[in-house]
Structure formats: structure tokens, C-alpha cells
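Since the structure comes first, as C-alpha cells, the remarks are kept for the end.
Numbers restart at 1 for each chain; the letters A, B, ... are given by sequence-line order, proteins then strands. Nothing here was measured: the structure is a model prediction, and the numbers come from that model.
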Amino acid sequence: MVQKNILTFPTIPEPALSRSWETAWEKVPAEWQEPVYRLDRAPNNRVFVRNSNYLYSNKTYDYRTGHTLADQELAWYIYTIWSEGTLKVDPAMLRWYVTSTQALIDRQPAEMRDTYSLANIEPYMLIKEAARAFYERNERYPSPNNLKNVESIAKNLYQHLTVRCSDTPWYEHDVWNMRLDSRIPRRENEPHAERVISLEQLTQTWLKEAARFWFSQALTYGYYTWTSVASRVTYLNYFSRFLATYEHTPATLGESLGSIRKLTTAFTDYLKNPVEGCHENALSETTIGSVTSTLQRFYEFAYENKDLITETTHTEAWLNLTADHTRLFPTYRRKKKGKAHPVTFFTSDELTLMLAHLDVLKTPMTQQVTVQTPGAEPATFTGLGDEQAARAWMIQALTGRRASEILMMDYQPLTMLDVDPEKIQEDSFIARMTYQQTKVDGVEPTILVDVAVVNIIKEQQAYVEEKYPGLEHPYLFPNPRANFTGSRPRSYRSYADTLKRLDATVKLTNKAGEPLRFSQTHRLRHTRATELLNNGVPVHVVQRYLGHRSPEMTMRYAETLAATAEAEFLRYKKVGSDGRDLGLSAKDLLEISQLDHRADRILPNGYCMLPPTQTCDKGNACLPCGAFATDASYIQEHRDQLTRLEALIEARKNQYKARRGEDMPETNVWLTGRLREKASLEAIITKLENEAAQNKAVSGAGTSGRVALTLLTNPAKNGTSPIVQPNLRTQR
DNA sequence: GCCTGGCCCTGTACCGTTCT
DNA sequence: AGAACGGTACAGGGCCAGGC
């Protein structure tokens, strides 16, 4: 768990790796050392955009400027983006870029040209020259978009060179880009790694440098995440733009609390009203709250660390900060008492409708797909060609995980359970799935999944394998663009955009005529939670399943249930697999299950009592196991199991006889196992029945003692949902 | 001592603009 | 012209203080 609100820090250690131009250049293989390419042939063809003017002439293209260092830098750049597979280049634009740089270098003194670095050419200089040259050639200026294309090459090349070929620490640059700079501290799975943080808009030097220090510390010591820093920078930008309307404001903002408050009040007004060129509309209450609280945290940090910040930013004014700066804004701000937001979920019918339309996402863009839903005319759509997004959505629907938890999953997220193949049904748990979670610390990120989920994952693995043959692909869901080597996970942004496109295509609505949006993926989480609770799964189990740290959050979903998690649990006496009472109090049992943070200890028909560290060698055969505990709330489950078991034994016996012409012997291994289970079940049921008879609270355990609830997606009960869900209370 | 509401951090949703 | 991005808005989840 990251410790928050620590306001003093040691200085940032210098990066150990040398990042000189020489070390960068050493990595370029001989065949890539000259910027001369056959555009139509591998391996070069992966790095160049298809351009018919270039591709259809079978010749070698020479991008040399004739100046040694510039040519090497260009070759290094092309090789780098090729090997990392993050960018492509249009050969025509590259030509334009090269002739422009050539002109710029040629204006340097002759003896400097061979050592002139492209890192000296800032993008704006290149653009000016490119536009000038274009005008000379064509007697008109280039179109804005055309110029933008050269600019993007200039910008990318400039950033690659300045960031990757110098020892300058990562935080010294004004643009922080995780894709470009591996030294930026990052968590293993960063939900918004694609977001670029730019300090360029902070025009006051004192502000920019102090912000640089604050954010670099925050990232280095992990007390803010990348997402948080990104939004905080945009919030500080407001302050910077506001200050720009004043002549000059010192870092202290004023001499006394009075003058400081005057300024911050003016700032609040600035945010509340539209400002042309900055924010066209007045900002919302919450945004203003975020902006002011960011500024407040910033000054608290600066006050606590004024010595360090003065030293780092070379701005003496920071030394004059006083305690007044830790209360820039009056603290009497009270929010309106808001009721908790209602839990929104999809009903079974809605989900069915949506799943039927998921095909539109799966179908290639060149094909049409017709969707037939009950009670509606068949509708035909053009496919959107994003099958992996469809699979990610399915997994979200089946497991209730967050979008980022699924998108950042490892290529191989499954650990198969040792399940007897004979016993597998379509809703059996057969594997443990590890998802990536960053939001809540201290939660074990694994859940049990059933055949349906496993099959989707296998399909997706095959898809990735086919898309990136022979390449390493660490993620199950690779980003579809700018990812030619398959090394980056799919960004939440591109996933959400795809789902939005699907929404716009199929335009689904619910019965009330409100739009049903695929892009609201969090609803799937609510849906799953509500489903589990409505199916009678105890709150603490659902809590663990969803990865909530405390039951409060889960309880919000549980409003339909009368009992709390504890009451639910304590109501029943636990019975061992031999049908005898366990020598443990219900309270102890609760603690055991609470201490153990793994949902898979809750079995479909009871609880596994093994201490968390102990492994089970009994495979799936819980019933005859001494560590198995159950209670009266599962009695119906046991009765159902018994019926199914008896039917199964009967069927097998008949099969055996049909095939071999003789009865199955009592010594048959399979049969003895089942008979043991049957004996256990019968003992348990008898015991629980007595239990229920004595205990008024559980009369008719599992039936009348419980609030009558509808099963949302159990196909056996209502036959509408195509979802095969891992029902926690069925035979596994 | 317990409960509740508010605050803070972090992630998701949405929309208009920019890029390709 | 469709995909990607940037900025804004807001929801989810943890935690703590203040009221009882």
C-alpha cells in the first residue's frame, strides 16, 4: 500500500544508465546505418506508410543529407521506430523533411555541418523552412494538413533524439511520454500509459519548475499515479493561464493572507465564468473543486519543502512561503448532501439484446451482418471489424471486471484447475484467471472462471498468435494501432471508442426508450454484482469476487437483501463432510473466511476450511473431504446435487451395460468415488434437516427463510439469457 | 466507541477537435 | 472520413474526522 500525504522526500537519484548518442548509435545494426531504403521490401516495409507514388517504383530511396551526424541520426530514428513498432513514416513526408533539414544545415558554417545534430532543429524551425521551400517550388503555401504531416515527423524525431540520446533526466524534459522514455517511473500495469504529460503550457518559469519538481517526486515515490499527475497538470494549466492575465505574480502570490486570498478568490471567479480562449463555458463545481484542491496540495508541498524547491528551481521566492499558503482557499466549502448514486445495471433482457448485437462488432468491415432478436424485425449492419473488443466485452460481462483489468491482462492469464473432465458441465469453474488491477491495493487479483470465459480467452490467444506470428506478445489484448510488434496492451481509450462506434451503429434502447450503451462497461460490473447477490451468494463472497476491500461498497449492490454479510453467515451452523458439527464457532468460521482473501475458498455448496497456505490434494472432490464445511443455507443445493448425482450414476451404469453387456461392478473406481459422495451428501442433508427443524430462523433453509429473489441470468430458470455464468451455487 | 458524511485520489465517460 | 486525442465531467473506493 502506498503511503499517502508524505510531504518530504530525498532527492531523485540520477539515472544509472548512460543515454549518450554513442550508446544509442551502437545499437543500430550495420544494415540500418544508412538512411537508404527499398520501401517495398521487408523489413523496411513495416516502417513506411503505403504511398503509391513510391511503392510502385522498384527502386532504392536515398534519404541522406550528405552530413554525417544528421544521416546517422535519421538512420537511428527509422531503425528505432521500426524495431519498436510504434510509428510509421510516409516516404513523401520524409523526403520533404530531409530536403528541409538539408537546407537548414547548409546554412551553417562548413566545418560544423558534419557534426550538426538534428536535435538542434526545433520543430517550429523545420516547419518554417518546409513551408518556405514548398512556396518556392509551387508558388503557393502548403495546405495546413500537409504541413502538419511534416510537423509530426519533425516533432517525433526531435523528441526521440532529445529524450533518448542524452543523459538529461526524464523529468528535465517538458514532455513526459512513457512510450518514449523508459526511465519514467511506472507501475507494472498503468491504466493510462498512453497519456502524454506536457509542462509546456505552464508559462511562468517558477510555476513550471516547481510543478516539475512536485510531479517528478510524486511519480518517483509513488504517491500519485500517472493518471492523477496527468489531470493535475491540466488543472495547474488553468492557474497558469489565469496568472498570465496579470502583469507579474511572484511565487508567494502576495504579501499577506489578505492579498493571497484576494488573488485566489479572483481565481475562483475566473474558473466560474467563461473565459474566451481558455474555457468557453463556466467549469463545473467538481472541476473547480479539483483545480483548487490541486493548487492547495501544490502549495502545501511547496511550503513543506521550501528549501528543496528553492534549491531545485533556483527561485528564492519559495523561501518566503508561510503557513498562510497552506490555506489558500477557505475550508468552509461544503458540498450538497448528495444521495448515493443509484446502482445502474443491465437487466437480463437488455443484456440478451446487447449480446446479440455484439456480432456487429465482430464482423469484418467488409461484411454485412443481420441480427435477429425476439420480437423485432431482423436488422442488417455493416461490421465494425473489432473482434477482440467484442471478446473483451464478453469477458467483462461474464466476470464483472473493470475494463482496464481485462485490457491489461497477460497473454496467459489462466491457471487450469485440476478438474475431473467427467464432471465438467458448461458452468463449471475450470480455471483461475489473473486479471490486472491497479485501483485497489491489497486485493488478490484472481477469480475462478468457467468454460465460457476460458473459451473466449483461448479464441483471443489464437487471434493474437495469428496477428503477431513469431513475435513476443505479452498481452492478451494488444493495441490495434501503432503496435506493429504487439508489445503494448490495448488502451482503454481505443476500446471505449470502438464501443462508442458500436453504440452509434446499432442504436439500442431499453423498454423506456433510453439508450443502451455498450460503452458503459462499468454497468456490466454492477450487473454481475447484482446477479450474484440476487442468486443468493453471500455479501462477503461477492465482496471478494469484485475485489472490494470493505463490504460497504458491495452492500450498495445488496440493497435487495435484508441481511448483512455477517448476519447471513452467522445464522447457520457449519456441518462437516461427515455430517457432524464442526468444533468451531460460527464466529471463528467467519474470521477464517474473512482472513482468507480468496474467493475460491467459497465452494458452490459450502466452504473449504483449509488454512490459506495449505494446498488441497483432493482435487475437486470436496464432499468427502474433512476440510469441507457447509451450512443449512445450502441445503437445497445439496438436495439438488443428490438428485443429479443419482441420475448421473444411473446413466453411467446404463451406458456401461450398453457398451459391455454387463453391470458396472461395485468396485469400479468412478463408482466408488460417486458412492462416497452420495453417502456424504445423505449424511449432510439429514444433519441439516434436523438443524433446520430446530432453528426457527432457518425454517425451510434456503427457501422460505430467504427473501424471494429472481434469478437474472440462470438459463435453467428463465431461459432467456445466453450467458453461461459461473453460478457460485451449482455443482462444479 | 461507533456511525456517517465528506474529502481525496484514481479510474471511467463523453464530446469536440485534431490527426492520419 | 474515420481513428485518435485532449479536456472536462463525474463515478468508485478508501479513509478519517466530527458528531452523537
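If you measure from atom CD1 of A:Ile288 to atom P of C:dA9, you get 8 Å, rounded to the nearest angstrom. Atom CZ of A:Arg402 is separated from atom C1' of B:dT12 by 10 Å (rounded to the nearest Å). For the pair A:Asn156 CG and C:dC5 P, the computed distance is 11 Å after rounding to whole Å. Nucleotide C:dG7 holds its C1' atom 13 Å from the NE2 atom of A:His192, rounded to whole Å. Taking atom OH of residue A:Tyr495 and atom P of nucleotide B:dG11, one finds them 17 Å apart after rounding to whole Å. Atom pair A:Leu219:CG and B:dT10:P shows a separation of 10 Å (rounding to whole Å applied). Atom CE of A:Met178 and atom P of C:dC5 are 15 Å apart (whole Å). Atom C1' of nucleotide B:dT20 and atom CE of A:Met93 are separated by 11 Å, given to the nearest angstrom.
Comparing A:Thr498 and A:Asn237 by the nucleotide of DNA chain C that holds the closest heavy atom to each, the one mapping nearer the 5' end is A:Thr498.
For A:Lys208 and A:Asp174, the salt-bridge test passes: some basic side-chain N is under 4.0 Å from an acidic carboxylate O.
The side-chain hydrogen bond (donor to acceptor under 3.5 Å, both in side chains) test applied to A:Thr227 returns no partner, not counting sequence neighbours. Listed by chain and residue number, A:Asn189, A:Pro489 satisfy the side-chain contact (heavy atoms from CB on, under 4.5 Å) test with A:Tyr475 (two or more places apart in sequence, or in another chain).
Side-chain proximity of A:Arg525 to the nucleotides C:dA3, C:dA9, C:dG13 is greatest for C:dG13.
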Pick out the pairs of N or O atoms, protein on one side and nucleotides 14-16 of chain B on the other, that lie under 3.5 Å.
from   : atom 1 : to       : atom 2 : distance (Å)
B:dC14 : OP1    : A:Arg517 : NH1    : 3.1
B:dC14 : OP2    : A:Ser519 : OG     : 3.3

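Because its NZ or CZ atom is both nearer than 6.0 Å to the ring centre of A:Tyr463 and within 45° of the ring axis, A:Arg391 counts as a cation-pi partner of that residue. Relative to the six-membered ring of A:Tyr238, A:Arg241 meets both conditions, a distance below 6.0 Å and an angle of at most 45° to the axis.
Listed for the A:Thr287 side chain is no donor-acceptor partner under 3.5 Å among the backbone atoms of A:Leu283.
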